[in-house]
Enquirer: 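Okay, here's the structure, questions in a sec.
Labels below follow one simple rule: chain letters A, B, ... track the order of the sequence lines, proteins then strands, and each chain is numbered from 1.
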Number of protein chains: 2
Amino acid sequence: MPDQPSHKPPSPAAGEAPAELRADARRNRERVLDAAREVFAARGVDAPMSAVARRAGVGVATLYRRFPTRSALVTAAFEDQLAVCASAFEEAMADPNPGHGLYTLLEKVCTTLVTDHGFETVFMAGFPEALHYDRERACAEERLAHLVQRARDAGQLREDFAPADISLLLLAVSGLAAQPPETALPAARRLLTYLFQSFQAHPPSRPAPLPPAPPLDLSGLHRPLPVRTATVRP
Amino acid sequence: MPDQPSHKPPSPAAGEAPAELRADARRNRERVLDAAREVFAARGVDAPMSAVARRAGVGVATLYRRFPTRSALVTAAFEDQLAVCASAFEEAMADPNPGHGLYTLLEKVCTTLVTDHGFETVFMAGFPEALHYDRERACAEERLAHLVQRARDAGQLREDFAPADISLLLLAVSGLAAQPPETALPAARRLLTYLFQSFQAHPPSRPAPLPPAPPLDLSGLHRPLPVRTATVRP
DNA sequence: GAGTAAGTGGAGGGTCTCGTCCACTTATGA
DNA sequence: TCATAAGTGGACGAGACCCTCCACTTACTC
């Protein structure tokens, strides 16, 4: 085995931030991620890979070389948003008023969920490909329980409130995400307000006013059937 | 043009209940509808048509002959459930206690939504192929507004309650429908209770107890990515 | 400026689903 | 029992998408 002097630097970190990519490759990677965010937000995370490639002005092969599976692309595309959620968590833990911290946290997360359809899917799917996901989740679970406990101890949550109600709330909000953001956002805010008023241990006899009602009527529910439209027949 | 004596009866009603089908055809139609309900509930309304046909023990052509488009099949398959909802509406209108009527109506509808994933999709999509849909919807809208107004007049709903909040509630519940029924059903009940307590005009200082919390934690949110899985590569 | 390996694009084979066509089967009525 | 038209099943062409392969291009090093 001949010793070949390698010209490459010793590849400092084989982590997830590939710093040793060639300049053009790095540039393309970014373009793909941008395109993915746009396409996924508009057409859902099951949009054709070729659509993402086209939007990025890149061949399909380039896309697959960088992100071998769809999940890898999806995960990478929404890492930033995920970081936002994580930092919101930190803030909530640091808030001296646990009830307020919890409310603010959920409002932030729900706003993100409802604004970006792609992210909603990813968040709800638990992006199983994300390396740190299991650790992340266990940690989140624990911290959330702690947050809830603190709020309940402070007399800010009713006795029979359960940590599962947080999941319940997230699922409920995700149901709004199919609507266009200009509807979904006020809807989410109003839903959160309703729920938080119910979560309170000692509701005031005259409940606080609600944020404005979303522009929703029964016809506003229209969500297109996920029909497999092959060819339009003549 | 020779006058051919037609042996067929004068085709009494060309409506949607094809009574003039041959016996075996009518039988097959029913089998297809049963299969469709099962397959759609299990795999969503975008399951392959061939899967429905196979399950019904019928060729694809038979299926397409009876239901030329997927929407037609979907609509027909869930007509019964729709009728249940409609009759629940009637009951609600007839209830002398408007608040109770409204609550019962929503509980019934939500239970159906959350129990049958196929129906949830159809309901939320507004099944645009259903002939009477537009009429139906306008009518529903009107009756719902009436119901809400009655309940508010009776002092059972808070002043700032809006009819749009009904849509909000339905969307929220539809977010639970992705969970398996044994989770989604208690979740829906609990969500409804929370919301109704918030809807009340004069909440008691000590809110009524909640139904049991659903078995949900953050990992329970896991919803599979709608990934386009083509071929498993070796 | 030249050598080289990393990077790239697009063609193409494979798979899945759609929806139609047509030769065969079967219920129905005389 | 038989004639007949309604009904049926499976094959099949078309289209969408997945993902890999390979000849070509380009950034980087000396």
Enquirer: Please output the side-chain donor-acceptor pairs of residues 51-67 of chain A that fall under 3.5 Å, not counting sequence neighbours, one pair per line with the distance.
Expert:
residue, atom, partner, partner atom, Å
A:Arg55, NE, A:Glu38, OE1, 2.7
A:Arg55, NH2, A:Glu38, OE1, 2.5

Enquirer: Give a yes or no on this: more than 12 heavy atoms of other residues, nucleotides or ligands lie within 6.0 Å of atom CD of B:Glu142.
Expert: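 No, CD of B:Glu142 has 12 or fewer neighbouring heavy atoms, counting only those of other groups under 6.0 Å.
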Enquirer: Please confirm whether the shortest side-chain N or O distance from B:Asn28 to OP1 or OP2 of D:dT8 is below 4.0 Å.
Expert: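 So the side-chain polar atoms of B:Asn28 do come within 4.0 Å of the phosphate oxygens OP1 or OP2 of D:dT8, strictly under.
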Enquirer: Can you measure A:Met49 atom CE to D:dT20 atom C1' for me and round it to whole angstrom units?
Expert: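 For the pair A:Met49 CE and D:dT20 C1', the rounded distance is 13 Å.
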Enquirer: Between D:dG7 atom C1' and B:Leu21 atom CG, what is the distance in whole Å?
Expert: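 Result: 10 Å.
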Enquirer: Suppose the criterion is salt bridge (Lys or Arg N to Asp or Glu O under 4.0 Å): which pairs have a residue in residues 168-178 of chain B, not counting sequence neighbours?
Expert: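 Applying salt bridge (Lys or Arg N to Asp or Glu O under 4.0 Å) to every pair that reaches into residues 168-178 of chain B, excluding sequence neighbours, yields nothing.
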Enquirer: Who pairs with A:Asp34 by side chain to side chain contact (heavy atoms under 4.5 Å, CB included), at least two apart in sequence or on another chain?
Expert: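 Partners of A:Asp34 under the side chain to side chain contact (heavy atoms under 4.5 Å, CB included) test: A:Arg37.
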Enquirer: Can a side chain N or O of B:Thr62 be found less than 4.0 Å away from OP1 or OP2 on D:dG7?
Expert: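 Answer is no, no contact under 4.0 Å.
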Enquirer: State which residues pass ring pair (Phe, Tyr, Trp, His ring centres under 6.0 Å) with B:Tyr194; sequence neighbours excluded, sorted by chain then number.
Expert: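 For B:Tyr194 the ring pair (Phe, Tyr, Trp, His ring centres under 6.0 Å) partners, ignoring immediate neighbours, are A:Phe199.
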Enquirer: Could you state the CG-C1' distance from B:Asp24 to D:dG9, rounded to the nearest angstrom?
Expert: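 Result: 13 Å.
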Enquirer: Using a 4.0 Å heavy-atom cut-off, does B:Arg66 contact any base of the nucleic acid, only the sugar-phosphate backbone, or nothing at all?
Expert: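 Answer is sugar-phosphate: B:Arg66 comes under 4.0 Å of backbone atoms only.
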Enquirer: Salt bridge (Lys or Arg N to Asp or Glu O under 4.0 Å): which pairs involve residues 173-187 of chain B, sequence neighbours left out?
Expert: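 For residues 173-187 of chain B: none.
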Enquirer: Grab the CG-C1' distance between B:Asp46 and C:dC16 for me, whole Å please.
Expert: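 Value for this atom pair: 13 Å.
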Enquirer: Send over the distance from A:Arg22 CZ to C:dG7 C1', rounded to a whole Å.
Expert: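 Distance check: A:Arg22 CZ to C:dG7 C1' gives 5 Å.
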Enquirer: Parallel, tilted or perpendicular for B:Phe119 and B:Phe78, by the 30°/60° rule?
Expert: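 Because their plane-to-plane angle lies in the 30° to 60° range, the rings of B:Phe119 and B:Phe78 count as tilted.
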Enquirer: What's the closest nucleotide to the side chain of B:Val60 if the choices are C:dG19, D:dT20, C:dT8?
Expert: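 From the listed options, C:dG19 comes nearest.
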Enquirer: Taking CZ from A:Arg65 and C1' from D:dC22, how many angstroms apart are they, rounded to a whole number?
Expert: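 That distance rounds to 12 Å.
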Enquirer: Rounded to whole angstrom units, what separation is found between the CG atom of A:Leu63 and the P atom of D:dC17?
Expert: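 Answer to the nearest Å: 15 Å.
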Enquirer: Rounded to whole angstrom units, what separation is found between the CD atom of B:Glu20 and the P atom of D:dA5?
Expert: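 Rounding to the nearest Å, CD of B:Glu20 and P of D:dA5 are 18 Å apart.
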Enquirer: Considering every strand and a 4.0 Å limit on heavy-atom distances, what is the contact class for B:Ala61: base, sugar-phosphate, or nothing?
Expert: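 Answer is base: heavy atoms of B:Ala61 come under 4.0 Å of a base.
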Enquirer: How bent is the helix from C:dG1-D:dC30 to C:dA30-D:dT1, comparing axes over its five end pairs at each side, to the nearest 10°?
Expert: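 Angle reported: 10°, given to the nearest ten degrees.
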Enquirer: Which is more 5' along DNA chain C, the nucleotide nearest B:Ala23 or the one nearest B:Tyr64? Just name the residue.
Expert: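 Its nearest nucleotide being more 5', the pick is B:Tyr64.
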